[in-house]
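See structure below.
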Amino acid sequence: MRFNWDFKYIKMSKWFYTFSIIITLLGILSLSIFGLNYGVDFRSGSNVDVNLTKAVTQEQIQTLLDKKGIGKEVDYTPGKERFGIRFSQVLTDQQVNDFKTSFNKELDPKASFEVNTVDTEMAQELERNAIWAILLACVAIAAYISIRFEWRFAIAAIVSLLHDAFLVISIFSIFRLEVDLTFITAILTIVGFSINDTVVIFDRIRENLRFAKKKSRDDLEQVVDHSIAQTMTRSLATVFTVFIASLCLFIFGGESIRMFSLAMVIGLLFGAYSSIFIASPLWVALKGKQKSPATGGGAAKTAKS
Amino acid sequence: MKRILSFIVVVLITTGVMVGTSPGLLNSLKLGLDLKGGFEILYEAQPLEAGQSVTKQSLIQTAQSLERRINALGTTEPEVTTEGSDRIRVRLAGVSNEAEVRSMLKKPAELTFRSATAEDAKKPGQFSKIELRGNDFVENGAVVGFDQLNQPEISIKVKDKAKFAEITKRLLNKELAIFLDQELLSAPTVRGELTDGSASITGSYTRDEANKLADTINLGALPLKLTEKYSQSVGATLGQLSLDQTIRAGLIGSIIILVFMILMFRVPGLVASFCLIVHTWLVLAIFYFGGFVLTLPGIAAFVLGIGMAVDANIITYERIKEEIKTGKTIRSSVIAGSKASFRTVMDANVTTIIAAAVMFGLGTGSVRGFALVLIVDIVTSILTNIFFSRFLLNLLVKADAVKKPKYFGVKESDISAL
């Protein structure tokens with residue numbers, strides 16, 4: 001595989017900024033109008049997943065639920081092997097047991113169940129914790145990058161990872177995909193992965209800066225463009241391997257981690273994209289603002305670390 | 001020649017150990033309830049009386065009594081953990097009698113000794129002043145005996161003799177009622193000051209009833225009131241299905257990744273593939289020895305980790321390829337490439353560990369499980385995919401076994417002349 005990856009990445013950055021800003025705005029719009037399609041983990045209620053061994057229709061289940069008096073405000077996610085039933089009320093133990101027994105008796109004797117029940121208060125707390133987790137992870141990562149690199153790298157990296165996390169959340173909102181507890185895990189992994197990707201490119205930029213002679217804005221852009229080109233094969237190879245892993249989980253993995261895998265697949269692509277087209281140009285923008293003598297000083301400082 | 005030999009020996013021994021231990025490892029791994037079937041409940045604890053607060057000690061006590069209750073039913077290894085300041089998480093994998101266990105857990109079984117207040121005196125049989133609570137009694141102190149009339153009676157012991165003496169002295173010739181929850185068991189009249197700290201419950205019980213009552217008392221009243229906040233229950237077949245599907249996904253993904261590595265990097269790719277297998281085995285071994293429970297998100301993290309673990313190799317090999325392209329010899333390219341890429345690989349891994357550590361610190365339940373796998377995964381990946389892989393590659397290179405650039409996936413035409 002021999003490609004020439006030398007492009008003027010930084011010069012093209014305004015297009016990518018525009019693209020990202022448009023999706024971000026769409027995301028904000030979608031989030032403020034529709035919000036997220038919360039799964040049972042974040043909404044109070046009960047979720048019953050039935051693993052069917054023979055065909056059962058939604059009508060049959062509805063009839064059964066009506067008979068039990070728990071058929072109100074129910075959402076269905078029909079499937080051939082797996083049928084999801086979402087109750088907005090919290091089912092009691094007795095109701096669940098009663099439902100299971102009669103389902104086995106009347107509809108499918110070999111059906112197997114997965115039942116999740118969450119209290120409202122708990123759901124809100126999970127969401128709060130998730131937001132805290134993402135923010136705390138960002139702060140810790142920013143601190144590490146500031147120590148190992150410099151603050152401009154940290155800012156560029158954090159902006160790009162928040163961008164990744166937000167875009168995945170936006171896409172889930174726009175397409176009404178269900179957000180559950182594993183989604184949070186996926187977002188945090190994306191944060192970890194996206195930063196991993198950014199660090200590799202930044203590392204190369206830092207290294208190349210040592211030998212770069214001039215410090216004008218154009219030279220800076222050239223160094224970054226060249227660094228991106230040098231790490232491109234690696235970026236693509238890594239994205240490919242992690243992408244394959246999450247894609248396999250998405251296609252072949254169990255139903256309960258499907259949304260997790262989907263979030264990972266989307267997040268991965270954004271993670272690789274933002275490291276190149278958002279984080280790097282942003283760093284150039286920040287660095288370019290420096291006055292010339294200071295730029296030299298800054299480069300010397302980074303070279304030392 | 002010696003180096004080639006040690007390379008072969010190392011590879012053979014590692015393979016031998018892996019092949020020999022893997023079946024045992026896989027069979028004895030602890031699987032979470034989402035893979036084995038079972039249920040998980042998260043309780044929030046509140047004090048029994050308003051105005052009191054939940055202490056760390058009372059929370060631990062409650063967790064212990066929950067564990068005793070489950071053990072009394074003799075089902076499986078329960079996992080009862082406290083979380084934060086007022087939460088208790090109960091996890092039971094592979095239970096069949098879920099309904100029974102759940103109702104047993106919920107039973108408050110609060111034993112109280114009560115006296116009548118002036119207010120109560122107007123209505124006979126009403127006692128509202130609580131003198132002693134379940135936790136005032138000696139644990140496992142309830143014994144079934146027989147009174148003079150050969151009627152079963154349950155004798156219980158009080159922890160604080162002085163307190164009991166004071167109560168019986170104050171209530172001399174008055175009734176001291178014994179309640180289990182809101183049910184009046186008996187209301188004996190205090191005939192004298194009891195200084196030895198023991199009391200007995202009599203009534204017209206059959207032997208069985210008396211035994212059951214003693215058991216309930218012994219299981220202990222929960223020091224705190226529990227409300228279910230979250231529950232998850234998974235049927236055994238469903239768990240097995242998830243396990244099979246995820247493992248299949250993992251296998252397919254891994255094979256594609258291994259083939260990709262070999263196509264892209266040839267000989268080093270082969271070394272990387274071998275290291276990746278060692279990595280997988282090592283993670284399983286750590287899980288086994290650490291007694292960690294493998295959950296569905298855990299396996300997902302594991303599969304994902306395979307994708308991420310090769311990153312260390314990709315970064316290193318790409319770097320080596322670059323060095324070869326500048327015209328260096330294979331040997332010095334490998335040394336320079338490994339050295340230059342090391343810092344990058346560490347920085348990239350540390351940032352991911354930070355994200356995983358935050359997940360572990362703030363997360364609960366399955367999120368924590370996922371984070372733990374991710375951390376174990378990254379740390380072992382550093383061991384196998386950086387150090388072990390470098391060691392193996394060095395053996396090969398120093399033995400001059402890989403002399404041509406094409407073994408590294410570099411075309412001769414790409415090498416710039418010096």
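Values reported hereafter were calculated over all heavy atoms of this structure, with side chains retained and with hydrogens, waters and symmetry mates removed. Just so it is clear: chains get the letters A, B, ... in the order the sequence lines come, proteins before strands, and each one is counted from 1. Treat the numbers as computed from the prediction; the structure is a model and nothing was measured.
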(Q) So which residue, Val200(A), Val191(A), Asn129(A), ends up with the most heavy-atom pairs under 4.5 Å with chain B? (A) Val200(A)

Q: For Ala140(A) and Ile354(B), work out which heavy atoms get closest and say how close.
A: CB-CG2, 3.3 Å

**Q.** Pairwise distance CG(Asp197(A)) to CG(Asp311(B)) - rounded to 0.5 angstrom
**A.** 7.5 Å

Q: Determine the option with the most heavy-atom pairs under 4.5 angstrom with chain B, choosing from Gly192(A), Ser246(A), Ala111(A).
A: Gly192(A)

Q | Heavy-atom proximity to chain A below 4.5 Å, by part of Glu228(B) | A | both

Q) Do Leu238(B) and Arg82(A) come within less than 4.5 Å of each other through their side chains, counting heavy atoms only? A) yes

Q.
Looking at every non-hydrogen atom in both residues, tell me the closest pair between Gly235(B) and Ser112(A) and how far apart they are.
A. CA-OG, 3.6 Å

Q | Interchain contact, Ile299(B) with chain A, by part (heavy-atom threshold 4.5 Å) | A | neither

Q: Heavy-atom distances under 4.5 Å only: say whether Asn97(A) touches chain B with side chain, backbone, both or neither.
A: side chain

**Q.** Nearest heavy-atom neighbours spanning Ala137(A) and Val358(B)
**A.** CA-CG2, 3.7 Å

Q) Considering only heavy atoms, which portion of Glu207(A) lies under 4.5 Å from any heavy atom of chain B: side chain, backbone, both, or neither? A) side chain

Q | Heavy-atom side-chain contact between Phe149(A) and Asp347(B) under 4.5 Å | A | yes

Q.
Please find the pair of heavy atoms, one from Ala133(A) and one from Leu362(B), that lie closest to each other, and give the distance.
A. CA-CD1, 3.2 Å

Q) With sequence neighbours left out, what residues match Lys100(A) under salt bridge (Lys or Arg N to Asp or Glu O under 4.0 Å)? A) Glu98(B)

Q) Is it the backbone or the side chain of Thr189(A) that comes under 4.5 Å from a heavy atom of chain B, or both, or neither? A) both

(Q) Once rounded to the nearest 0.5 Å, what's the spacing between atom CE of Met359(B) and atom CD1 of Ile187(A)? (A) 10.5 Å

Q: Please round to the nearest 0.5 Å and tell me the distance separating atom CG of Leu249(A) and atom CD of Gln245(B).
A: 11.0 Å

**Q.** Heavy-atom side-chain contact between Phe39(B) and Val115(A) under 4.5 Å
**A.** no

Q.
With heavy-atom distances below 4.5 Å as the criterion, would you say the side chains of Arg206(A) and Arg343(B) are in contact?
A. yes

Q. Checking heavy atoms, do the side chain of Phe243(A), its backbone, both or neither come under 4.5 Å from chain B?
A. neither

Q) By a 4.5 Å heavy-atom criterion (distance strictly below it), what part of Ile306(B) contacts chain A: side chain, backbone, both, or neither? A) neither

Q | Student check: side-chain heavy atoms of Thr233(A) and Lys321(B) closer than 4.5 Å | A | no

Q. Checking Phe113(A) against chain B: side chain, backbone, both or neither under 4.5 Å from a heavy atom?
A. backbone

Q | Heavy-atom pair with the smallest gap, counting every atom of Thr344(B) and Val199(A) | A | O-CG1, 4.5 Å

**Q.** 4.5 Å side-chain heavy-atom contact, Tyr144(A) and Val350(B)
**A.** yes

Q) With a 4.5 Å limit on heavy-atom distance, are the side chains of Phe260(B) and Thr241(A) in contact? A) yes

Q. So which heavy atom on Ile141(A) is nearest to which on Ala355(B), and how close?
A. CD1-CB, 4.5 Å

Q. Can you tell which of Gly253(A), Ala245(A), Ser235(A) has the highest number of heavy-atom pairs within less than 4.5 Å of chain B?
A. Gly253(A)

Q | Heavy-atom pair count under 4.5 Å with chain A, highest-scoring of Leu296(B), Leu251(B), Thr227(B), Ile315(B) | A | Ile315(B)

Q: Under 4.5 Å, counting heavy-atom pairs only, tell me which of Phe193(A), Phe240(A), Trp132(A) racks up the most with chain B.
A: Phe240(A)

Q. Who wins among Ile244(A), Asp49(A), Asp203(A), Val242(A) for the most heavy-atom pairs under 4.5 Å with chain B?
A. Asp203(A)

(Q) Taking every non-hydrogen pair under 4.5 Å, which of Leu42(B), Ile314(B), Asn313(B), Ile256(B) racks up the most with chain A? (A) Ile314(B)

Q: Compute whether any side-chain donor of one residue and acceptor of the other, for Thr351(B) and Asn196(A), lie under 3.5 angstrom apart.
A: no

Q: Indicate yes or no: does Glu318(B) engage Arg204(A) in a salt bridge with an N to O separation below 4.0 Å.
A: no

